[in-house]
Amino acid sequence: MEKLVVVDGNSIIYRAFFALPPLTNSAGLHTNAVYGFTTMLLRLIEEEKPTHMLVAFDAGKATFRHEGYAEYKGGREKTPPELSEQFPLLKDLLRAFGIPQYEKSGYEADDIIGTLTRIADEKGMRVTVVSGDKDMLQLASEHVTVALTRKGISEVERYDPAHLHEVYGLKPHQIIDLKGLMGDASDNIPGIPGVGEKTALKLLHEYGSVEEVLSQADGIKGKMGEKIREHAEDARMSKKLATIFREVPEVPEWDGLAYGGYDGPSLQAALRKLEFKSLLEKMDFSGGADGDGEEGAAPAQESFDVAVVDDAKLGELIEALPAVDAMHIEAVGENPHHADVLGVALYVPESGRGYYVPYDVLASEAAAPLRDWLADAETPKRMYDLHKAEVALAWRGLPLRGVRFDVLLAAYLLDPTESALALDGLVRKYGLPQVASDEDVFGKGAKFAVPELARLADHLCRKAQAVSLLTPLMERDLEEGGMHRLYYDLEHPLASVLSTMELTGIRTDGDDLRTYGEQLAARLTDIMQSIYEHAGMEFNINSPKQLGEVLFDKLGLPVWKKTKTGPSTDAEVLEKLAPYHEIVKEILLYRQLAKLQSTYVEGLLKEINPKTGKVHTYYRQTIAATGRLSSQFPNLQNIPIRLEEGRKIRQVFKPSEPGWYIFTADYSQIELRVLAHISGDERLREAFLNDMDIHTKTAMDVFGVSANQVDANMRRQAKAVNFGIVYGISDYGLSQNLDITRKEAANFIEQYFSVFQGVRKYMDDIVQTARKDGFVTTLLQRRRYLPEISASNFNLRSFAERTAMNTPIQGTAADIIKLAMVQMAERLKAEGLQSRMLLQVHDELVFEVPPDELETMKRIVPEVMEGAIQLDVPLKVEADYGTNWYEAK
DNA sequence: GATGCACCG
DNA sequence: CCAGGCGGTGCATCC
């Protein structure tokens with residue numbers, strides 16, 4: 001099927017210019033925007049595989065819009081010369097790409113694109129519009145997808161009408177109504193003052209269009225109604241200005257836009273001229289780009305010599321083992337404890353050959369040397385996702401040792417926010433020969449199926465090859481980022497520590513759980529009955545929608561806040577509504593118990609392994625953006641503790657050996673101690689050096705009172721301020737948390753900062769650093785990129801600023817406990833202890849301990865945890881033990 | 001598959 | 001003028 005990709009040239013080059021750091025060639029010409037444009041084009045060609053292409057530009061100064069409104073785009077800054085000089089470079093580059101370009105005096109790129117998409121709609125042809133400008137969304141249709149740049153220019157979000165509706169609740173034609181109401185500062189479109197995106201969307205969801213809003217304006221109360229009536233004319237005109245003109249005469253004919261891919265040598269020459277060396281290196285000009293238009297222009301897969309290993313070929317493989325450089329173990333299924341191991345692919349760079357060993361062959365008697373090789377700590381191996389493979393193989397009695405590099409773990413450290421850590425994306429990023437996506441090979445969801453052997457073998461061997469090619473590049477990048485030690489000394493060894501913990505598992509008493517579940521069930525039935533009586537009807541209490549109808553329509557309770565789908569019924573709202581009606585308290589209790597029943601009783605029961613009588617969680621090491629672990633199947637990092645009712649769940653977690661104990665040790669105030677260290681704040685440091693109660697100390701300093709004058713309420717407020725500080729404080733956030741006014745919250749914060757001046761300086765500095773470098777780091781050089789730190793959108797920018805403040809704190813705390821875990825595992829082994837490390841809950845470690853080791857563990861666990869790293873303030877660990885997790889408080 | 005809600009640090 | 005706490009997972013509902 002034919003497909004046109006049309007790029008809004010001006011919009012994209014602007015985006016690229018501001019998204020990328022300045023970059024000049026040896027002649028002093030700026031090239032950053034062209035560079036960004038180039039990477040975007042390469043990606044587009046590869047992903048969209050267009051048969052037709054066009055880049056449209058604005059032309060001339062006066063467009064027809066100025067005839068109606070002289071100030072159109074009036075307030076806009078002049079194009080900086082560093083950008084203007086790049087337009088001719090871009091146009092040359094497009095010629096090298098062989099991509100048609102078009103501009104027409106008196107019209108903007110929008111109008112050209114609008115006209116082309118109208119024609120495509122009429123003729124039923126597919127178009128993707130690429131732009132950074134939300135206005136373009138009005139063009140979305142059955143045939144037209146609008147791809148908007150997101151997060152710089154490297155990624156796009158594709159909008160068809162359905163997605164548009166999901167995001168904004170609007171039809172494409174309503175986008176101009178949206179602009180009509182909210183205006184657009186960058187185009188000097190006024191809109192209605194005081195109406196931003198949120199209000200505009202609310203109005204449109206209610207009235208549908210600018211005209212309808214205006215005609216009903218008399219019915220809109222308050223300041224809002226006043227503004228709308230006052231600025232009716234502005235709104236009408238703004239809507240008109242935002243409307244893309246779709247009748248540009250003489251746009252190019254469809255056939256003239258045919259695109260058969262670029263010509264390798266011409267493009268190579270152009271990139272060399274621009275001095276885009278890194279891009280040239282990454283690109284593979286040998287295979288693809290043949291210009292036949294069939295494959296698109298992306299580098300094609302090279303042919304690859306793959307041997308499916310059977311009994312007859314095992315000998316050859318075993319002989320080749322010393323030359324194996326990288327491998328891939330395919331374990332399918334989300335939960336590694338239940339994953340199916342399909343087989344092992346091995347790659348030998350010398351011969352360029354791949355070997356695929358199906359699991360049955362691997363498990364056969366003749367494959368013993370291969371299994372020994374896998375288990376040999378002295379034969380170095382490289383792979384993707386060591387942690388998962390190690391767990392999946394262990395359940396089959398197959399040890400895996402000697403893995404020296406894990407491409408997945410490295411990719412996570414290089415960019416922990418990157419969600420696409422799969423191999424297909426990594427090879428693309430590094431410009432290496434392509435690997436198909438797992439989704440393409442296996443399908444997904446209900447359609448998941450293992451392909452025929454030859455296809456499977458080819459795919460998995462290509463993965464092994466990719467690991468081999470990626471390893472040196474990623475090692476170099478880790479080195480450049482100062483993360484070499486973080487990888488080799490911490491994260492890599494941790495993977496195996498985690499595997500051991502998970503395979504050990506924690507004994508979970510199913511009978512206890514079932515008994516508790518029966519009690520819950522009885523109470524839930526009673527409460528449900530009572531709720532129905534109060535409501536005067538039966539309904540599904542679990543449905544926020546139905547619950548909302550009962551509370552707000554039937555019983556007439558006031559709406560406190562709204563979600564995007566209706567009035568909110570969350571616990572915070574219900575607390576406020578409690579005085580109005582008895583039913584509210586019952587709903588809160590119902591929610592609490594229903595949660596315990598579904599997630600903790602039923603959910604946990606499903607996860608108990610019948611063979612071991614334990615639950616075996618899986619810690620994910622490559623998910624959290626801050627460097628924390630997360631836990632799945634089941635999540636053992638969110639077992640209830642705050643309310644007594646739920647805390648009882650902890651009684652079902654027991655030692656797996658009779659007479660043993662559950663032993664817990666947690667860091668006290670680790671995040672604030674970390675903050676004291678990295679900010680160097682004198683008073684905070686002093687507080688910890690004297691081992692004071694930090695919230696009381698904060699209350700003393702903020703309220704200016706002595707220790708015995710601090711009451712419970714003052715301490716509670718100080719505690720909230722401390723939390724706020726760690727999270728990247730805002731007066732709004734604190735006011736919500738403490739249920740006080742924003743002003744009062746702002747006063748608290750000011751008071752706090754005037755006392756803890758070092759903290760204030762840290763907060764200011766870290767945001768500056770993020771803006772300058774584009775990322776922040778933890779104590780161990782873990783890195784998180786914050787591209788939105790310079791966004792013009794307040795929300796995005798503020799979020800990035802809070803993240804800049806929080807990530808070094810949360811991330812350093814994560815570094816520290818990870819260090820402690822690796823050291824703890826070594827220590828247990830070195831001392832020949834039987835005690836086992838079972839769980840990690842962010843600032844807490846859980847062990848099972850035989851009675852005769854209890855005293856030893858009381859000594860060494862705090863010793864190891866407190867000594868994991870040396871900070872300017874002491875680390876403090878509190879330990880406890882009991883016959884189950886509940887008792888080890 | 002998205003959303004709202006609830007659980008944890 | 002507007003919008004907003006940091007990091008996660010799991011369940012039930014609804015489309």
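Chain letters run A, B, ... following the sequence lines, proteins first, then strands; residues in each count from 1.
For the pair Glu166(A) CD and dC15(C) P, the computed distance is 14 Å after rounding to whole Å. Rounded to whole Å, the distance from CG on Leu796(A) to P on dC2(C) is 18 Å. For the pair Leu181(A) CG and dC1(C) P, the interatomic distance rounds to 18 Å; values are reported in whole Å. Between Tyr732(A) atom OH and dC6(C) atom P the separation is 12 Å, expressed in whole Å. Rounded to whole Å, atom C1' of dG4(C) lies 19 Å from atom CZ of Phe723(A). Following rounding to the nearest Å, Asn635(A) (CG) and dG10(C) (C1') show an atom-to-atom distance of 8 Å. The distance from atom CD of Glu602(A) to atom P of dG10(C) is 16 Å, rounded to the nearest whole Å. Taking atom CD of residue Glu334(A) and atom P of nucleotide dT9(C), one finds them 11 Å apart after rounding to whole Å.
When the salt bridge (Lys or Arg N to Asp or Glu O under 4.0 Å) test is applied to Asp666(A), no partner is found at least two apart in sequence or on another chain. Listed by chain and number, the residues in a salt bridge (Lys or Arg N to Asp or Glu O under 4.0 Å) with Arg514(A) are Asp511(A) (sequence neighbours excluded). The side chain to side chain donor-acceptor pair (under 3.5 Å) test applied to Arg591(A) returns Thr569(A), not counting sequence neighbours. Remark: Tyr886(A) engages Glu644(A) in a side chain to side chain donor-acceptor pair (under 3.5 Å) (not counting sequence neighbours). The side chain to side chain donor-acceptor pair (under 3.5 Å) search around Arg771(A) returns Glu801(A), not counting sequence neighbours. For the side chain to side chain donor-acceptor pair (under 3.5 Å) test, residues two or more places apart in sequence or in another chain that qualify with Thr626(A) are Gln810(A). Glu538(A) pairs by the salt bridge (Lys or Arg N to Asp or Glu O under 4.0 Å) definition with nothing, not counting sequence neighbours.
Counted by atom type alone, Thr777(A) and Arg783(A) present zero donor-acceptor pairs between their side chains at under 3.5 Å.
Relative ring orientation between Phe442(A) and Phe448(A) is described as parallel, the plane-to-plane angle staying below 30° on a 0-90° scale split at 30° and 60°.
Side-chain contact between Ser631(A) and Tyr618(A) is absent, with no heavy-atom pair separated by less than 4.5 Å. Put simply, the side chain of His337(A) does not reach to within 4.5 Å of the side chain of Phe633(A), judged on heavy atoms. The side-chain heavy atoms of Tyr600(A) and Tyr516(A), taken from C-beta on, include no pair separated by under 4.5 Å. Counting heavy atoms from C-beta outward, Glu887(A) and Gln651(A) have side chains that stay 4.5 Å or more apart. Using a 4.5 Å cut-off on side-chain heavy atoms (C-beta onward), Asp815(A) and Arg628(A) make no contact. The shortest side-chain heavy-atom distance between Lys719(A) and Phe723(A) falls under the 4.5 Å cut-off. Between Leu574(A) and Trp560(A), every side-chain heavy-atom pair lies at or beyond the 4.5 Å cut-off. Looking only at side-chain heavy atoms (C-beta outward), Phe775(A) and Leu786(A) stay at 4.5 Å or farther from each other.
At a threshold of 4.0 angstrom between heavy atoms, the contacts of Ala814(A) with the nucleic acid are absent. Residue Ile809(A) is classed as having no contact, given no heavy-atom separation below 4.0 Å to the nucleic acid. If you check every strand for non-hydrogen atoms under 4.0 Å, Val726(A) touches nothing. Among the atoms of the strands shown, only primed sugar atoms or phosphate atoms (P, OP1, OP2) are found under 4.0 Å from some heavy atom of Ala625(A). Backbone-only contact: Phe633(A) has heavy atoms under 4.0 Å from sugar-phosphate atoms and none from a base. As judged by a 4.0 angstrom heavy-atom cut-off over every strand, Gly728(A) is placed among residues making no nucleic acid contact. Counting any heavy atom pair closer than 4.0 Å across all strands shown, Gln810(A) reaches a base atom. Nucleic acid contact for Thr807(A): none, since no nucleic acid atom lies under 4.0 Å from a heavy atom of the residue.
Residues from residues 670-679 of chain A placing a heavy atom under 4.0 Å of any atom in DNA chain C do not occur. Near-neighbour residues of DNA chain B inside residues 641-649 of chain A, defined by a heavy atom below 4.0 Å, number-ordered: Ile641(A), Arg642(A). Looking at residues 587-598 of chain A, you'll see Lys595(A), Ser598(A) sit with a heavy atom under 4.0 Å from some atom of DNA chain C. Taking every heavy atom of residues 733-749 of chain A and every atom of DNA chain C, pairs under 4.0 Å involve Gly733(A), Leu734(A), Asn737(A), Arg742(A), by number.
Contact footprint of chain A on DNA chain B: nucleotides with an atom under 4.0 Å from a non-hydrogen protein atom, first to last in 5' to 3' order, dT3(B) to dG9(B).
dC1(C) and dA6(B) have their P atoms separated by 34 Å, with the value rounded to a whole Å. Distance noted for atom C1' between dC2(C) and dC7(B): 32 Å (whole Å).
Contact annotation: Ser630(A) side-chain N/O to dT9(C) OP1/OP2 distance is under 4.0 Å. Using a 4.0 Å cut-off, some side-chain N or O of Asn542(A) falls inside it from OP1 or OP2 of dT13(C). In this model, the phosphate group of dG7(C) is not approached by any side-chain N or O of Arg802(A) to a distance below 4.0 Å at OP1 or OP2. Not one side-chain nitrogen or oxygen of Asn540(A) sits closer than 4.0 Å to the OP1 or OP2 atom of dA12(C).
For the pair Tyr727(A) and dG5(C), the ring geometry does not qualify as stacking, because the centroid separation below 5.5 Å and plane angle under 30° are not jointly satisfied.
Ranked by how close their nearest DNA chain C nucleotide is to the 5' end, Thr626(A) and Asn795(A) are led by Asn795(A). Nearest-nucleotide mapping onto DNA chain C: of Asp731(A) and Gln637(A), the residue sitting toward the 5' end is Asp731(A).
Judged by a 6.0 Å distance limit and a 45° cone about the ring axis, Arg742(A) is not positioned over the six-membered ring of Tyr732(A).
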